[in-house]
Amino acid sequence: MQLIAEDLVIDRGSRRIIDGLSFAVKAGEALVLTGANGIGKTTLLRTLAGFIRPFRGVIRLDGGDDELTLGEQSHVVGHTNAVKSSLSVAENAGFWNTYLDSGEDSPSRIAASLRHFGLEDLSDFPAAYLSAGQKRRLGLARLLVARRPVWLLDEPTASLDTASSERLVAAVNDHTSSGGLAVIATHLPLGLERARTLDLAAQRMAA
Amino acid sequence: MQLIAEDLVIDRGSRRIIDGLSFAVKAGEALVLTGANGIGKTTLLRTLAGFIRPFRGVIRLDGGDDELTLGEQSHVVGHTNAVKSSLSVAENAGFWNTYLDSGEDSPSRIAASLRHFGLEDLSDFPAAYLSAGQKRRLGLARLLVARRPVWLLDEPTASLDTASSERLVAAVNDHTSSGGLAVIATHLPLGLERARTLDLAAQRMAA
Amino acid sequence: MQTLTQRLANPARFMELSARLLPWISGAAGILLVSGLYLAFFASPADYQQGETVRIMYIHVPCAWLSMMVYGLIALSSFGLLVFRHPLADVSAKAAAPLGAAFTFLALLTGSLWGKPMWGTYWVWDARLTSVLILFFLYLGLMALRSALEDESAAAKLTAILALVGVTILPIIKFSVDWWNTLHQPSTDFTSTVDPSMRLPLLVMAVAFTLLFFAMHLKAMRNEILRRRVKALRTQAVAGRDRLAAQAANHGAAE
Amino acid sequence: MKSFWALLSRDVRLAVREGGAIGTALGFFLVVVSLMPLGLGPDLNLLSRIAAGVLWIALLLAALLSLNRIFEADHEDGTLDVLATGPLPLELVTAAKSLAHWITTGIPLAIMAPVLGILLNLDLAAYPILVATTLAGTPAVSFLGAIGAALTMKTRRGGLLLALIVLPLYVPTLIFGISAVSAGAGPTGLAASFLILAAISLVAIVLGPLAAAAALKVQLQ
Amino acid sequence: MKSFWALLSRDVRLAVREGGAIGTALGFFLVVVSLMPLGLGPDLNLLSRIAAGVLWIALLLAALLSLNRIFEADHEDGTLDVLATGPLPLELVTAAKSLAHWITTGIPLAIMAPVLGILLNLDLAAYPILVATTLAGTPAVSFLGAIGAALTMKTRRGGLLLALIVLPLYVPTLIFGISAVSAGAGPTGLAASFLILAAISLVAIVLGPLAAAAALKVQLQ
Amino acid sequence: MDLGPHAAFIWISYAAVTVTITGLILWLIADGRKQAADLEALERQGVKRRSAAPGVR
Ligand code: HEM
Ligand SMILES: Nc1ncnc2c1ncn2[C@@H]1O[C@H](COP(=O)(O)OP(=O)(O)OP(=O)(O)O)[C@@H](O)[C@H]1O
Ligand SMILES: Nc1ncnc2c1ncn2[C@@H]1O[C@H](COP(=O)(O)OP(=O)(O)OP(=O)(O)O)[C@@H](O)[C@H]1O
Ligand SMILES: [Mg+2]
Ligand SMILES: [Mg+2]
């Protein structure tokens, strides 16, 4: 499986953000997007997810499910967490588990994902009362409640403490080592295994 | 001037978050709060700002303005940015400048604060279109549009790139060296001058 | 020497005291209720104008009085919570709201049922009726607001604010509705126009209903205190586990 | 399908928790119905003549007050992004959310309709018809309203704008809803209005989710 | 004072940008007024009799639809925290925001009131009175509404709940607003209603910001 | 006992009051039992109260 972008050109409101970008991410690999604020990381990830239609260029997932779009084969974690304040932690995770239709043994899967991000003791806690980092962890737990081959993560470690960042890195490493692929925008060195870095600033200067 | 907290006990919804914490921050000094997600950094900062009433304990600013509460002498930057999407960057900064009543030469002050955080080229840009980091920078620009002796910052570097983080650190150093004081919650080493660290986890275990 | 409110401020003391008082109040209410009913049905005549339907009065009027009295109690409790932070004030306000709403509802219902034979319709948009209806809405608003807020202490203070706003607005409403429609039935002066033969049963029923309300209110307050203890114990159990976990996580990070 | 139910039940649960759906609906209904006489004068004859109109206006009001955040809230916390990349086509997402809205406002208000009847002196025999026509007509309110909610999702104070957009769409439902409820119609007239109401609702159920999904796709960019 | 004006003008500007205040008000008014005959029957006599009621109901509706986010939006993006630590006491913050709401809904609707008059066959001579009483009465709507908005700030779908809470508080304004506008009042009755309306508004202007500020203080915890 | 032509209204009034108040009383008793049982169950699990009067501070 391989995620391929060819000669991407992306505009936002008459400004050209990405101009002629090509890259490929193979299964088992993570691509780390870096670059200054406003360079276009979020824009690129949202284009990959299918929300933004590129001005020009091709995005495809070779070896993926042809019936589904790339977005439908991806977990998208953006700057927001997709956590509902009035549901409890377990209800939030449970909803995404059912909605994303994991098909597999759900209760243990939910429990495992909450445990991975250290939320098991907070299961019955209303999400409204979570701290910023706990809420982010709940947002990230979505990655594990259903299997999807592509992970598109936008600054996933924002407001996480060191221990939780390491749990996230472990989750990404697990994912890539079991044949998944990931594209991750970040400002911090993450220490991922099997990762390549794409510096959008360098790329822009070259263009 | 000195910010003093004595024997603070803070509860949230019948849970004891902070139990018997005392500290003092002198003018010219920054106190860095650390600790795992959910340990109570945000809670402590919001208590200092006056939003949460502590269950027990005293908070006072020795040498401050006695007519004003600590909150009214502080800049509070939380997890959210207090940026209005439908106003432009300059309008956002301008509003806080007038509202917080800097009294001094305003247009140049606004321009300087936007320049410090690298937003001068975006002044007429609607804030809705800013990237996450740009929005955070606009939130931080509030620190410079009006002078206040105490800065209470909650994870100020979230989603900032390296260059912007350094600008923030420079701003805090400027602030402390000109006699201000700051309390800053963070998960990342910031490299501040004249800073002490208060680890809430260690404190909690001691309690 | 402690004042009564000071002594009552301690929930434990309140539980003790209320446990002792409750049987007496309920007993008195029961006895008065039975004798009131006897007086109402067997020892009082039919009205020369209203016929037998006047017997509705013996429940309608106590309910109508209680509907206002209970709101006054809620307003007092709210004041006690916001100004004196009296620990039992919110328990009292929360326990009283559904009871007050029930009595208001009963006043409306029995009034309507009385209105059909008397006025030929269940409902007219008369001043007194309209203001009671709005009082009922205020009760509904109080309960709805409380149930929509999760944080219990915030809910207590916010409903208290609403109750106090309501209490300032109520007289204005009463007065505005009076103005708006002057067709309403002239309010009879109870003490002078009601025949003594009906005054006694009415009085007995009124006292019985008031005692009944206080009995129910005490019981509801006791329940509420227990509910809060249960809730506090549950969250403490969670908090204990979570605190250990937070320490463990931090330990791991430090190593 | 499992996703559809999951979304539907989540939305119902949120409405119940966040708005206390049924209790609030009842209270709201009572308040609106009793404010109408204050606004229009306490003439009982007039009131029972316009009872049907008041009922439907209360319904539209309830819809307007609860619709404007149905997509906005999901957009703000990022849920909409995930829903859009989920296994359910966006048309079914909007359908599930509209259906949830109907369940949490249309059904409670239909069940409460007789309360209105009492206050406005409505004929007792008319109650079953009242409930039935309200049930048949309200889906149109929710499903057409969803179009407006999707269109105004990003305008932060969409309330009035939403009203401006969707109220004209509600005209057919309002006309036939009222003629079905008002007493003078007679059995054949009633049956006709009832069928037309149901037909309008069916059209809305098809059209609403499609249009709302199209609007959302644009908004997500 | 500078802060007060800054906040006021910011809120007005936001309302204009995000909701297109005046245009939306006009459109909303037109829609409501033209829906009324559908709901109540097209009898022109009846309509001009209830014109005052329709005007005030449209006003309350507009308030309900635009009030529920006035604090919530500021709370969500963190603005409220900064406002609360600003130089302005919270009572003046809520006053400024209520005033901005009045300027962006009360005034436009008062100015548009004659439009309603034309549509509902109102006497030409009554227009100045109409505008004046609307202007005198609407502050109560905004300032009392602010209490409800502050109380329901954290309940995410506060729309219906807000309506349930504030509509009973609007009763005096509604009654005197209508009696001031409706034709039969005569000059003394009119003067009295007008004065009472103004008095109610004054009470609301004092009470509203205090209660709303108290509620916000609780909510900020 | 003859209550005249409007007996039904009187009976319904009294019945409504009886039903409502009895219902309230029964609910209060049931609720009280439930809270007491919950409290006892928790205390049997060994959860102890930290302060004297939780929730009513
Ligand atoms: C739903 C309809 C009604 C409501 C909401 C209602 C409400 C009230 C209220 C609030 C009071 C206490 C007022 C005070 O003490 O000043 C009261 C008392 C009373 N009501 Fe009603 N009422 C209704 C219908 C009726 C009807 C139909 C009658 C009889 C024709 C009636 C006769 C009385 C009498 C005799 C009193 C005794 C106190 C007095 O005369 O001031 N009510 N009602
Ligand atoms: N109303 C409440 N009831 C019970 N617990 C609460 C409530 N509100 C917050 N908490 C808990 O208080 C704790 C402290 O939260 P706080 O936001 O202060 O943490 P933090 O140190 O800022 O964490 P982060 O690094 O994730 O921002 C958290 O464990 C949270 O779950
Ligand atoms: N509608 C728009 N019109 C014009 N420019 C836009 C629009 N939307 C976004 N932009 C600009 O697009 C650029 C890319 O934004 P993007 O969010 O992708 O940056 P980013 O790399 O994710 O930054 P960050 O690290 O701060 O998250 C920004 O400079 C932003 O100002
Ligand atoms: Mg970004
Ligand atoms: Mg925090």
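To find a chain, count down the sequence lines: A is the first, B the second, and so on, and within it residues start at 1.
Interface remark: B:Val83 contributes backbone atoms only to the contact with chain E (heavy atom separation under 4.5 Å). Of the atoms belonging to E:Val93, it is side-chain heavy atoms, and not backbone ones, that fall under 4.5 Å from chain B. For E:Leu80, no part sits under 4.5 Å from any heavy atom of chain B, backbone or side chain.
We find the CG-CZ distance between E:Asp11 and B:Phe95 to be 7.5 Å, quoted to the nearest 0.5 Å. Here the CG atom belonging to E:Asp81 is positioned 11.5 Å from the CG atom belonging to B:Leu152, to the nearest 0.5 angstrom. If you take OG1 on E:Thr85 and CG on B:Leu100, they are separated by 7.0 Å, rounding to the nearest 0.5 Å.
Under the 3.5 Å distance criterion, the side-chain polar atoms of B:Arg53 are left unmatched by any main-chain donor or acceptor of E:Gln221. Side chain of B:Tyr99 to backbone of E:Leu83: a donor-acceptor contact under 3.5 angstrom is found.
Minimum heavy-atom separation, B:Ser86 to E:Arg17: O-NH1, 2.8 Å. Here the closest heavy-atom approach between residue E:Ser3 and residue B:Thr98 is recorded as OG-O, 4.1 Å.
For E:Arg13 and B:Glu91, the salt-bridge test passes: some basic side-chain N is under 4.0 Å from an acidic carboxylate O.
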Task: Residue pair E:Val82, B:His75: steps toward the side-chain contact (heavy atoms from CB on, under 4.5 Å) verdict - done: CA-CA 8 Å; E:Val82 188; B:His75 272 305; over 6 Å; no
- [ ] Test B:Lys84 against E:Asp77 for side-chain contact (heavy atoms from CB on, under 4.5 Å), laying out the working first.
- [x] CA-CA 8 Å; B:Lys84 282 285 165 200; E:Asp77 65 15; 3.0 Å; yes
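A 6.0 Å sphere centred on OH of B:Tyr129 holds no more than 12 heavy atoms belonging to other residues, nucleotides or ligands. Around the NZ atom of B:Lys26, the shell of radius 6.0 Å holds no more than 12 heavy atoms that belong to other residues, nucleotides or ligands.
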